[in-house]
Amino acid sequence: MADAPRPEFKSWHEMLDWMSGLLLRRTGHDVPWWLGAVRNAGLPTEAATRTWLTENGVTGYAQNPVMWELFGFPDFFLKDAAELLEGQYADRLQLRPIADAVIALVLAWAEDGTGQATVQLRKTYISLLTPRRKFAQVTPVSKSAVDIFLRLDEPAGGLLEASAARPDNAFRLKIRLRQASEVGAEVADILLRAYRANT
């Protein structure tokens, strides 16, 4: 497979809109409603607020818009997605085409009707999400390899390796890639299985 063109990314505003929509769909209440509820609860710390939200059914990505409004936005929101990706591969430029190929693959699903994956950039990794939750994480793990960690309940074998995750970590499998040409049909099929298992 030839190196993929560098993809366009969603802005952090779009990411925030997605998480705010998730909160509304899951709970029936929007961010301002939850901000008022948290403030009325008089919670003293960030940790206490997260615990209270969890106890009230607000978990995972749906917590973020509320927490960030109360306690400040994370550093990665000050950079755009392209800057974050450049930073991840600044000292391993030869691996960047792997990330580009994986991102292009999952973003193409929306165009061909396969699925609606969202790409979110963090400082050290890329999250790939279904409308429900994260199904894969793309991480440069060394100067010579990129791992795709997968939320997938299948046995290890072939391209699928056991990751050294904690027993409570849902991402127990990984694919190790060393060049963009390895992002072929088998990798695409595994990613699609992970996507469908988490929708």
Report yes if the side chains of Glu161 and Leu173 come closer than 4.5 Å at any heavy-atom pair, otherwise no. no
Of all heavy-atom pairs linking Ala62 and Leu23, the shortest is O-CD1, 3.6 Å
**Q.** Trace of the side-chain contact (heavy atoms from CB on, under 4.5 Å) decision for Thr114 with Arg196
**A.** CA-CA 10 Å; Thr114 299; Arg196 288 174 173 165; 4.2 Å; yes
Rounding to 0.5 Å, atoms CD (Gln116) and CG (Leu129) come to a distance of 11.5 Å
Taken to the nearest 0.5 Å, the spacing of Asp30 CG from Arg25 CZ works out to 13.5 Å
Please tell me if the side chains of Leu191 and Val102 come closer than 4.5 Å, counting only heavy atoms from C-beta onward.
-> yes
Consider only side-chain heavy atoms of I, L, V, M, F, W and Y, link residues closer than 4.5 Å, and tell whether Leu192 and Val119 are in one cluster. yes
Problem set entry | Evaluation steps, side chain to side chain donor-acceptor pair (under 3.5 Å), between Gln88 and Thr139 | CA-CA 9 Å; Gln88 287 180 24; Thr139 306; over 6 Å; no
(message) I'd like to check Gln120 versus Trp18 (side-chain heavy atoms, cut-off strictly below 4.5 Å). Are they in contact?
(response) yes
- Message: Side chains of Val66 and Trp33, heavy atoms from C-beta outward: is any pair under 4.5 Å?
- Response: no
Distance col, row Ile190:CD1 vs Ile148:CD1, nearest 0.5 angstrom, shows 8.5 Å
Here the gap from Thr49 atom OG1 to Leu53 atom CG, rounded to the nearest 0.5 Å, amounts to 6.5 Å
_Are Leu160 and Leu150 packed together at the side-chain level, in the sense that at least one heavy-atom pair is separated by less than 4.5 angstrom?_
yes
* State yes or no: do Ile98 and Tyr89 share one hydrophobic cluster built from I, L, V, M, F, W and Y residues joined by side-chain heavy-atom distances below 4.5 Å, directly or via other members? => yes
Scanning both residues in full, the closest heavy-atom pair of Pro131 with Leu22 reads O-CD1, 3.9 Å
> Heavy-atom distance under 4.5 Å between the side chains of Arg176 and Val146, does that happen here?
Replying inline: no
The reported gap from CG in Asp100 to CG in Leu95 (rounded to nearest 0.5 angstrom) is 11.0 Å
Q: Verify the cluster assignment for Leu159 and Leu152: are they in a single hydrophobic cluster under the rule of side-chain heavy atoms below 4.5 Å apart?
A: yes
Phe171 ring centre to Lys134 NZ or CZ under 6.0 Å, with the angle to the axis within 45°?
yes
Derivation and outcome, side-chain contact (heavy atoms from CB on, under 4.5 Å), residues Leu70 and Val38: CA-CA 9 Å; Leu70 290 169; Val38 169; 3.6 Å; yes
Would Ser144 and Arg178 count as a side chain to side chain donor-acceptor pair (under 3.5 Å) if you check the C-alpha gap in whole Å, the side-chain angles of each, and the deciding distance to 0.1 Å? CA-CA 6 Å; Ser144 62; Arg178 298 186 184 279; 3.3 Å; yes
Open item on the list: Evaluate Arg151 against Arg133 for side-chain contact (heavy atoms from CB on, under 4.5 Å), listing each step before the verdict.
Closed with: CA-CA 10 Å; Arg151 187 192 294 264; Arg133 64 184 181 183; 3.5 Å; yes
Checklist entry - Is there a chain of hydrophobic side chains (I, L, V, M, F, W, Y, each step under 4.5 Å between heavy atoms) that links Tyr125 to Ile175? => result no
Is the shortest heavy-atom distance from the side chain of Leu128 to the side chain of Tyr195 under 4.5 Å? no
Distance col, row Asn64:CG vs Ser20:OG, nearest 0.5 angstrom, shows 9.5 Å
Note: Ala188 and Trp109 closest approach over all heavy atoms is O-CZ2, 4.4 Å
Distance-only, no hydrogens or angles: does the Gln94 side chain make a donor-acceptor pair with backbone N or O of Lys143 under 3.5 Å?
-> yes
Side chains of Gln63 and Thr54 only: does a donor on one sit below 3.5 Å from an acceptor on the other?
yes
Assess whether side chain to side chain donor-acceptor pair (under 3.5 Å) is satisfied between Asn198 and Arg132, documenting all intermediate values.
CA-CA 7 Å; Asn198 290 282; Arg132 179 174 164 228; 5.0 Å; no
Heavy-atom nearest pair, Ala162 first then Ala156, reads N-CB, 3.9 Å
* Measure the shortest side-chain to side-chain distance between Trp34 and Asn56 over non-hydrogen atoms and say whether it is less than 4.5 angstrom. => yes
Exercise for review: Evaluate the criterion side-chain contact (heavy atoms from CB on, under 4.5 Å) for residue pair Thr59 and Arg26; output intermediate values, then yes/no.
Suggested key: CA-CA 9 Å; Thr59 60; Arg26 285 184 178 175; 3.8 Å; yes
Between Glu86 and Arg96, does the salt bridge (Lys or Arg N to Asp or Glu O under 4.0 Å) criterion hold? Intermediate values first, please. CA-CA 8 Å; Glu86 292 290 343; Arg96 170 66 189 271; 3.1 Å; yes
*Are more than 12 heavy atoms from other residues, nucleotides or ligands located less than 6.0 Å from atom CG of Asp153?*
no
Answer yes if Leu35 and Trp52 sit in the same cluster of Ile, Leu, Val, Met, Phe, Trp and Tyr residues linked by side chain heavy atoms under 4.5 Å apart, and no otherwise. yes
